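Remarks on the structure that follows.
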Amino acid sequence: MRMLLPFLLVALFALPLSGCGARENTRVERGPNATWEYVEQAREYREEGRLELARQSYVLALSLCRNDADLAIIKRELAGVELMIRTMR
C-alpha cells in the first residue's frame, strides 16, 4: 500500500496540469488569427474610405499581436491611415 501511495499522488497532481496545457495552446493559436482578421477588416475599411473604422481595427489588431514582425507591419499601416486622417481634416 505504501508503494502505491506515491504513484497515486503523482497521478493526482499531474492530471490537472495536463488539462491546462491543452487550453493554453488553443489560446495561442487563436491570437494570431484574430489579429489578422482585424488587419484584413482594417484594410477593407481603408479601401472603402472608412478611415476611422480602419484605425480602430488596426488598434485592435495591435492589442492582440504577439509577433514582432507582424507588429511592425500593423504599426506601419496604422501610421498610414492616421496620416490620411490628418490630411483630410
Side-chain angles (χ1 to χ4, degrees):
M1 185 68 174
R2 285 187 173 210
M3 305 247 339
L4 188 59
L5 185 62
F7 176 73
L8 289 175
L9 287 175
V10 168
L12 181 67
F13 289 118
L15 193 66
L17 293 177
S18 64
C20 292
R23 274 185 258 135
E24 190 172 316
N25 287 340
T26 335
R27 237 180 292 145
V28 170
E29 289 174 8
R30 273 187 276 167
N33 293 339
T35 298
W36 284 105
E37 286 176 13
Y38 282 120
V39 170
E40 292 299 322
Q41 183 181 42
R43 289 174 178 167
E44 288 176 17
Y45 286 144
R46 186 184 64 207
E47 289 175 11
E48 294 172 0
R50 302 167 76 184
L51 300 177
E52 291 292 337
L53 289 173
R55 183 186 177 285
Q56 289 176 2
S57 293
Y58 279 125
V59 170
L60 287 170
L62 277 176
S63 69
L64 295 174
C65 188
R66 297 181 181 166
N67 183 343
D68 289 335
D70 295 342
L71 189 65
I73 293 169
I74 296 168
K75 282 183 177 181
R76 186 181 68 232
E77 291 186 21
L78 176 61
V81 167
E82 288 179 339
L83 180 63
M84 292 169 66
I85 291 171
R86 277 190 303 245
T87 57
M88 293 183 77
R89 289 184 181 174

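If you're wondering where the values come from, they're calculated on a predicted model, not measured in any experiment.
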Please walk me through it: do T35 and I74 pass side chain to side chain contact (heavy atoms under 4.5 Å, CB included)?
CA-CA 9 Å; T35 298; I74 296 168; 3.6 Å; yes
Between C65 and D70, the two heavy atoms sitting closest are SG-CB, 3.7 Å
Can you list the other members of the hydrophobic cluster that holds Y45, where links are side-chain heavy atoms under 4.5 angstrom apart?
L53
Looking at CE of M84 and CZ of R55, how far apart are the two atoms once the value is rounded to the nearest 0.5 Å?
14.0 Å
Can you tell me how far the CG atom of D68 sits from the NZ atom of K75, to the nearest 0.5 Å?
8.5 Å
Using the test side chain to side chain donor-acceptor pair (under 3.5 Å), find all partners of E47 that sit at least two apart in sequence or belong to another chain.
none
L83-L62 co-clustered via ILVMFWY side chain contacts under 4.5 Å
no
Could you tell me which residues satisfy side-chain contact (heavy atoms from CB on, under 4.5 Å) with E77, sequence neighbours excluded, listed by chain and number?
V39, R43, R46, Y58, I73
If we only count heavy atoms from C-beta on, is the L60 to Q56 side-chain gap below 4.5 Å?
no
